[in-house]
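A quick write-up on the structure given underneath.
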Amino acid sequence: MENVRVRFAPSPTGPLHIGGARSALFNWLFARHYGGKMVVRVEDTDLERSTGEYEELILDSLRWLGLNWDEGIAVGGEHGPYRQQERLEIYRPYVDKLLETGQAYHCYCSGEELEAEREALLARNELPRYLGKCRNLTLKDREELCASGKQPVVRFRVPEGQTLVVDDLVRGRVEFESDGIGDFIIIKSDGIPTYNFAVVLDDALMDITHILRGEEHLSNTPRQILIYEALNFTLPKFAHISLILGEDRSKMSKRHGATSVVQYRQDGYLPEALVNFLALLGWSPEGEEEIFPVHELVSRFSLKRVSKSPAVFNFEKLKWMNAHYIREASIERVTELCLPHIQEAGLVETDITPERLAWLEQVVATVQEKLEYCAQSPELVRVFFGETVELDDEEDIRLVMAMETTPAVLNTFRDKALTFAQWDGDTVRQTLKEVGKELGVKGKPLFMAVRVAVSGQSHGPDLNSLLALLGPALVAKRLEHTLHSM
Ligand code: GLU
Ligand code: ZN
């Protein structure tokens, strides 16, 4: 496919959501697969809800995911500006043209009038729509209405009795009856264009060839097609991607868990995991594999394998995938991502020294295998912090503490620990062995007793690593404390 140009056009009315991120990703994969261009522009015609902060946050999330763009906001290009607010002058001649040809007209109906019309239609079980009261106002009518101070909107005159066809690359042929649409607003009374109008002008003037977006915009598409036709623009290809549902099959919302990309970022998900996961929400490559580095996604992506049925967001799968990427990541990177969480939990200083950081890396390495996302790290590494421990209230723990040999094991090990200023994994292994030999104890009564007394838990990181990283002094202190509370 040649000269592919796609776009992602977020409204800066909130952070980047999972659904938006998935749309951005599909556009990006499509552009990269065909060697095309990705454009990012901002749809900020909702003056009340759009903010610069949200815009920055969205762009930041895109960058974090690695979804770079070739043209648009922040990078520039020959079709700018890339914010709709800054394009109002560009839209004007097209509105004038539609007004001149009669394909659009001024409507002076008040909010109350429209509401009354809507209610009447609903009461008759008809589709609520504008019935065209101002369609045929004369110049004189309009002058009078203007003189009375009414600010008109501009409506698009929808042709009657037409079947409008969306030839969707994902959903196939979808038909809409023009009679159900009603003349819709293209310019609001404050002079700001509506989404349906501005999006068409932007897409057409920016030479967008393929529009990949969420299914929620399918019903807008016939209106947009009418505008393309009225202005003699070439129609792009449309592909509407299915909704993302929660596991209970209702529309994905906060109640199912985090819905924004920043939240996943803050929770310590890796961007490559999220990208891999989102790519499989509605698209599936051939075969059973699920782990794909991004270059694989790019080479395999095609709209042919984008599904019509809704995609279900499976958190367990996301965590599983993220755990995979955490295991593959370098310990330096994983530690860096865990650090803010561990600091926030008050376990290490905010101005951590290089030595302490090197130690923390070894600590994090002991839990790297278990980590699903970095916000879990404080709980997993907690056992490495503090002078004393509380024993978990568990049957296994009670049993091991009640063993006849346990006090001697703990005492002897404590005495030996006190003879070291420092030790490493090998010394620890050696020392435990000696304790076992001297007392004639091995296996669980030895290792479990020490583990429980030092960590308070019957499970956890590798015992040698735990003891080595705690250091002999702290191990001795914890043993002392546990012995006292027995
Ligand atoms: N601003 C729209 C949205 O965020 C984009 C719609 C479109 O892609 O046409 O939903
Ligand atoms: Zn009207």
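Computed over heavy atoms, backbone and side chain alike; hydrogens, waters and symmetry mates excluded.
Side chain of Asn322 to backbone of Leu270: a donor-acceptor contact under 3.5 angstrom is found. Without hydrogens or angle criteria, Gln343 side chain to Thr350 main chain gives a donor-acceptor distance under 3.5 Å. In this structure, the side chain of Ser485 engages the main chain of His481 through a donor-acceptor pair within 3.5 Å. Under the 3.5 Å distance criterion, the side-chain polar atoms of Ser242 are matched with a main-chain donor or acceptor of Ser309. With Arg83 contributing its side chain and Ile73 its backbone, the two residues share no donor-acceptor pair below 3.5 Å. The main-chain N or O of Asn68 is found under 3.5 Å from a side-chain atom of Trp28 such that the two form a donor-acceptor pair. In terms of modelled atom types and a separation under 3.5 Å, the side chain of Trp423 and the main chain of Ala417 share no donor-acceptor contact. Side chain of Gln376 to main chain of Glu372: a donor-acceptor pair is present (N/O by atom type, distance under 3.5 Å, no hydrogens or angles). Looking only at distances, a side-chain donor or acceptor of Arg171 sits under 3.5 Å from a matching main-chain atom of Lys308. No donor-acceptor pair under 3.5 Å is formed between the side chain of Arg41 and the backbone N or O of Gly72.
Taken to the nearest 0.5 Å, the CD atom of Gln362 stands 9.0 Å off from the OG atom of Ser465. Rounded to the nearest 0.5 Å, atoms OG1 (Thr335) and CG (Leu360) are 6.0 Å apart. For the atom pair Met321 CE and Ile291 CD1, the distance stands at 4.5 Å (nearest 0.5 Å). Taken from CZ in Arg451 to CD in Gln457, the straight-line distance is 8.5 Å, to the nearest 0.5 Å. With rounding to the nearest 0.5 Å, the separation of OG in Ser302 from CE in Met1 is 9.0 Å. The structure places CZ of Phe384 at 5.0 Å from CG of Leu466, a figure rounded to the nearest 0.5 Å.
Within a 6.0 Å radius of CD in Glu175, more than 12 heavy atoms belonging to other residues, nucleotides or ligands are found. The number of heavy-atom neighbours closer than 6.0 Å to OH of Tyr91, taken from other residues, nucleotides and ligands shown, is above 12. At most 12 heavy atoms of other shown residues, nucleotides or ligands fall within 6.0 angstrom of atom CD in Gln422. A 6.0 Å sphere centred on NZ of Lys319 holds more than 12 heavy atoms belonging to other residues, nucleotides or ligands. Within a 6.0 Å radius of CD in Glu247, more than 12 heavy atoms belonging to other residues, nucleotides or ligands are found. For Glu336, the CD atom counts as loosely surrounded, since its 6.0 Å shell holds 12 or fewer non-hydrogen atoms of other residues, nucleotides or ligands. More than 12 heavy atoms of other shown residues, nucleotides or ligands fall within 6.0 angstrom of atom NZ in Lys370. The environment of Glu216 atom CD is dense: over 12 non-hydrogen atoms of other residues, nucleotides or ligands sit within 6.0 angstrom.
Contact record, Arg414 with Ala476: CG-O, 3.7 Å, taken as the closest heavy-atom pair. Residue Phe447 comes nearest to Leu463 through the heavy atom pair O-CD2, 3.7 Å, listed as atom of the first residue, atom of the second, then distance.
For Ala358, the side chain to side chain contact (heavy atoms under 4.5 Å, CB included) test picks out no residue, with sequence neighbours left out. Applying the ring-ring contact (aromatic ring centres under 6.0 Å, His included) criterion to Phe277, with sequence neighbours excluded, gives Phe313. Qualifying salt bridge (Lys or Arg N to Asp or Glu O under 4.0 Å) partners for Glu286, counting only residues two or more places apart in sequence or in other chains: none. Every residue meeting the side chain to side chain contact (heavy atoms under 4.5 Å, CB included) condition with Glu355, not counting sequence neighbours, appears here in chain and number order: Thr353. Residues passing the side chain to side chain contact (heavy atoms under 4.5 Å, CB included) test with Ser330 are Glu332, Arg333, sequence neighbours excluded. For the salt bridge (Lys or Arg N to Asp or Glu O under 4.0 Å) test, no residue two or more places apart in sequence or in another chain qualifies with Glu78. Every residue two or more places apart in sequence or in another chain that forms a side chain to side chain contact (heavy atoms under 4.5 Å, CB included) with Gln85 is listed here: Asp44, Leu47, Leu88, Ile192.
Pairs passing the side-chain hydrogen bond (donor to acceptor under 3.5 Å, both in side chains) check and including a residue from residues 14-27, sequence neighbours excluded, do not occur. Listed by first then second residue, pairs satisfying ring-ring contact (aromatic ring centres under 6.0 Å, His included) with a partner in residues 337-381 read Tyr269-Tyr373, Trp359-Phe385, not counting sequence neighbours. Residue pairs that meet the ring-ring contact (aromatic ring centres under 6.0 Å, His included) test with at least one member in residues 236-257, sequence neighbours left out, do not exist here.
Phe30 and Tyr34 have their aromatic ring centers within a separation under 6.0 angstrom.
At a threshold of 4.5 Å between non-hydrogen side-chain atoms, the residues Arg398 and Asp393 count as touching. Using a 4.5 Å heavy-atom cutoff, the side chains of His324 and Asn276 are not in contact. In this structure, Ile211 and Arg7 have side chains that are in contact, with non-hydrogen atoms separated by less than 4.5 Å. Between Met486 and Leu410, some side-chain heavy-atom pair lies under the 4.5 Å cut-off. You'll find the side chain of Leu274 reaches within 4.5 Å of the side chain of Leu318, heavy atoms only. Counting heavy atoms from C-beta outward, Leu201 and Phe233 have side chains that approach closer than 4.5 Å. Side-chain contact between Ile18 and Tyr264 is present, with heavy atoms from C-beta onward closer than 4.5 Å. Phe26 is not listed as a side-chain neighbour of Val170, based on a closest heavy-atom distance of 4.5 Å or more.
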Side-chain donor-acceptor pairs under 3.5 Å in residues 424-431, sequence neighbours left out?
from   : atom 1 : to     : atom 2 : distance (Å)
Asp424 : OD1    : Asp426 : N      : 3.1
Asp424 : OD1    : Thr427 : N      : 2.9
Asp424 : OD1    : Thr427 : OG1    : 2.4
Asp426 : OD1    : Arg429 : NH1    : 2.9
Thr427 : OG1    : Asp424 : N      : 2.9
Thr427 : OG1    : Asp424 : O      : 3.2
Thr431 : OG1    : Thr427 : O      : 2.5

Would you tabulate the side-chain donor-acceptor contacts of residues 59-67 under 3.5 Å, counting partners in other chains and residues two or more places apart, or write 'none'?
from  : atom 1 : to    : atom 2 : distance (Å)
Ser61 : OG     : Leu57 : O      : 3.2

*Give the intermediate values and the outcome of side-chain hydrogen bond (donor to acceptor under 3.5 Å, both in side chains) for residues Arg213 and Thr221.*
CA-CA 11 Å; Arg213 61 185 171 197; Thr221 310; 3.1 Å; yes
Inset, instruction - List the steps and the verdict of side-chain hydrogen bond (donor to acceptor under 3.5 Å, both in side chains) for Asn196 and Thr194. - result: CA-CA 6 Å; Asn196 275 317; Thr194 56; 5.7 Å; no
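Salt bridge absent: Glu480 and Lys477 never bring a charged side-chain N and a carboxylate O closer than 4.0 Å. Using a 4.0 Å cut-off between a side-chain N of Lys or Arg and a carboxylate O of Asp or Glu, Arg5 and Asp203 do not qualify as a salt bridge. Under a 4.0 Å N-O distance rule, the pair Asp46/Lys188 does not qualify as a salt bridge.
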